[in-house]
Amino acid sequence: METKLAVPIAAKNLNEARQQTGAAKAAGAEILELRTDYLENISIWLVKKLITEAKRAGRSLPIIVTCRDKRQGGVRDCPQKLRIEVLVGVLEAGAEFIDFEYENFLSVENREKILPGLSQNSKARLILSAHNFETKFPNIDKLYRDILAVYPSAIPKLVYMANHINDCFEAFDLLHQTGGERIVFCMGEAGLASRIIAKKLKSFVTFASIDDESATAPGQLTIEHFKKLYRYDAINSDTELYGVIGSPIAHSLSPAIHNAGFADVGVNKLYLPLLVEGEKAEFDKFMQNILSRSWLGFRGFSVTIPHKQNALDYVRGNQGFVEPLAERIGAVNTLLIGKDGKLAAYNSDYAGALDAITSALCITRTDLRDLTVAIIGAGGVARAIVAGLSDAGSAIKIYNRTVEKAERLAEEFGCDFAGLDDLPTLDAKLVINCTSIGMHPNIDVTPLSKKYIKKDMVIFDTVYNPAETLLLKHAKEVGAKTIDGLSMFINQAAAQFKLFTGQEGNAELMRKSIIGSVEN
Ligand code: NAP
């Protein structure tokens, strides 16, 4: 059984419903969910008309009719009697599925009204749903069993709010341990990945909205996101999973890059955004959850702020392999999970930066020896680049607002250091901005005044949004050579891609996949 992509039609009236139905079908919906509780003037006549029209226009799709109780997320306070009449009425009009709340189905009176309608329409199915908009269910396994005990041919639908990504694993376990038709996933940003993984684990349906405005539940993705960004059509039970672990993660460019790359080389892999909020304890719990469920098929991660150090500690603590330079940098941004569950950790940031420099200057890493480099900044990115360049033998001077941080970093890697006040005396062939100055939305500032940029310098800005920062604009005006942060970002992603797939990533395609997401 393949998971179906269900699209809610949340219309106030007939005209809106026609428009939404057309859009949903055109975008690739596989089931329509008529959310009749959105209708302003609901009547059995109107709902039947909606169904007849939805069936006739274009591709005929199966229809779920829902008239949600306000206590379970419905938008209008429709009387229970009318809600049941609507659900029974639509069975005659050809709806394949009706969705009723499990807690209301427990009432004998309600049951006695719904069951005769179902028995007269042998093809129609009842979805018995339970929603928790606040948190996890106290016992999701028992709830699942209770639903089937009350009505064995029901399709149980259990949907709850994930307040942390670690809350999702109960949903995954239930899908893994049960078969047949059931709908299980989590709401909220922390639950986003569960809506996609639902297909790998064969949930009966997963829900997508037509666009951001028409989402009917927190964390619902659009059909376009599902299909274009998250390779929906390619997902099956053998799909290997990857993802970027971080917080925040909503605007990460990595899913677009890696999924485009996976599709390009034709591998059965999917890359997800994984919002892991909290600190070391939450990160460790997430990793334990992943490693104790090999059937989920997670094979690797990109790791970003604030977990690069946590990832290194976790791999060290679990006797995994750590790439020597990553060990020295004290942070990793790539994790691999072997078939035996063993972890390996790498840092592709330094490689990404070094590759951006060597390819822009048409030189090899050996040519970096004795190159004079000024690094502005002493945070995480500066650390990775200083480690890489000092390993290659460059002569480095670090400039930072907090001079003590520059001093500590310089001591560790045998470099010079200074405060930002010394920038006017800067004399280096390569200047690298490793601060966030100039990053969107504060794009009108630069870490180095134009008057200190010389024509024979190479100016590298690690900031990649916007692609052309004010610093790079100034450098171009002066006639200096420039390297943008996108090149480094794409290179580090390409290095990760090689670790994930064993194949070279297509850097040009990767750049194209994100170009609309950053300012030019
Ligand atoms: P971080 O660890 O927080 O370090 C930030 C650095 O910027 C510190 O040196 C900090 O100085 C300095 N800084 C911040 N605001 C400043 C200001 N107003 N004036 C002067 N100095 C300021 O951050 P990170 O992880 O190193 O990231 C830095 C930047 O690198 C990011 O903003 C991002 O644009 C870029 N980046 C690029 C890539 C890529 O692949 N291209 C990847 C990751 C990050 P203090 O020490 O004095 O606080």
Side-chain angles (χ1 to χ4, degrees), residues 244-249 251-254 256-258 302-311 329-334 346-357 359-360 374-388 396-410 412 415 417-423 431-449 459-472 482-497 505 507 510-511 514-515 517-519:
V244 52
I245 299 175
S247 176
I249 211 68
H251 299 293
S252 171
L253 304 174
S254 298
I257 287 186
H258 286 288
S302 309
V303 184
T304 184
I305 290 167
H307 294 304
K308 289 186 179 186
Q309 167 91 50
N310 295 335
I329 293 167
V332 299
N333 76 339
T334 314
Y346 304 85
N347 189 314
S348 71
D349 280 336
Y350 83 85
L354 260 49
D355 290 349
I357 297 165
S359 68
I375 304 273
I376 309 175
V381 164
R383 194 177 166 76
I385 296 182
V386 167
I396 304 164
K397 184 161 179 175
I398 303 163
Y399 298 80
N400 196 43
R401 177 176 62 181
T402 311
V403 185
E404 299 72 40
K405 272 174 73 183
E407 184 176 6
R408 279 200 298 276
L409 187 58
E412 210 179 319
C415 318
F417 69 93
L420 297 182
D421 292 347
D422 280 16
L423 283 174
V431 179
I432 310 179
N433 173 38
C434 297
T435 73
S436 46
I437 301 172
M439 189 169 84
H440 178 84
N442 303 314
I443 58 170
D444 296 328
V445 282
T446 171
L448 181 67
S449 169
I459 306 289
F460 174 10
D461 199 339
T462 66
V463 170
Y464 58 82
N465 192 7
E468 186 172 81
T469 59
L470 187 59
L471 173 65
L472 293 183
T482 59
I483 304 172
D484 66 22
L486 265 188
S487 310
M488 171 181 165
F489 187 76
I490 301 284
N491 285 339
Q492 65 78 30
Q496 288 185 330
F497 187 83
M510 289 179 164
R511 187 177 266 266
I514 56 169
I515 206 69
S517 311
V518 295
E519 293 196 2

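When a ligand or atom number is given, it counts from 1 through the structure's own listing order. Remember, it's a predicted structure, so these values are computed and weren't measured experimentally.
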Nearest protein heavy-atom contact for atom 10 (C) of ligand 1: which residue, which atom, what distance? Asn400 OD1, 4.1 Å
Just going by heavy-atom distances, which of Arg401, His440, Arg383 is nearest to atom 48 (O) of ligand 1? Arg401
Which is closest to atom 32 (O) of ligand 1 by heavy-atom distance: Gly438, Ser436, Ser348? Ser436
Among all protein heavy atoms, pick the one closest to atom 35 (C) of ligand 1 and tell me residue, atom and distance. Thr462 OG1, 3.6 Å
Out of Val381, Thr304, Asn333, Ile490, who gets a non-hydrogen atom closest to atom 36 (N) of ligand 1? Val381
For Ala378, atoms of ligand 1 separated by under 4.0 Å from a heavy atom: 9 (O)
Using a 3.5 Å cut-off on N or O atoms only, is Tyr464 in polar contact with ligand 1? no
Taking Asn333's backbone N and O only, do any of them form a donor-acceptor pair with Gln496's side chain (distance below 3.5 Å, no angle check)? yes
Using a 4.0 Å heavy-atom cut-off, which part of Thr402 comes near ligand 1: side chain, backbone, both, or neither? both
Counting both backbone and side chain atoms, is some N or O of Gln492 under 3.5 Å from an N or O of ligand 1? no
Which ligand 1 atoms does Val463 reach within 4.0 Å, using its non-hydrogen atoms? 34 (O)
What is the distance from atom OG1 of Thr402 to atom CG of Leu420, rounded to the nearest 0.5 Å? 8.5 Å
min-distance protein heavy atom vs atom 33 (C) of ligand 1 -> Met439 SD, 4.1 Å
Have a look at ligand 1 and work out which part of Cys434, if any, has a heavy atom under 4.0 Å from it: side chain, backbone, both or neither. backbone
So, for atom 3 (O) of ligand 1, does the protein have a heavy atom nearer than 4.0 Å? no
Where do Phe417 and Lys397 come nearest, in terms of heavy atoms and distance? O-CE, 4.0 Å
Counting from 1 in the order shown, the ligand 1 atoms closer than 4.0 Å to a non-hydrogen atom of Gly377 are 9 (O)
Got the closest protein heavy atom to atom 29 (C) of ligand 1, with its distance? Thr435 O, 3.7 Å
Among side-chain atoms of Arg511 and Ser487, is any donor-acceptor pair under 3.5 angstrom? yes
Say whether, by atom type as modelled, one donor and one acceptor occur between the side chain of Ser302 and the main chain of Val244 under 3.5 angstrom. no
Matching residue for Asn433 among Thr462, Thr446, Asp461 - test: side chain to side chain donor-acceptor pair (under 3.5 Å): Asp461
Distance (rounded to the nearest 0.5 Å) between Leu448 CG and Tyr399 OH: 9.5 Å
Which distance, rounded to the nearest 0.5 Å, do you find between the CE of Met510 and the CG of Leu486? 13.0 Å
Cationic N near anionic O, under 4.0 Å, Lys308 to Asp349: yes
Considering only heavy atoms, does Ile437 approach ligand 1 within less than 4.0 Å through its side chain, its backbone, both, or neither? side chain
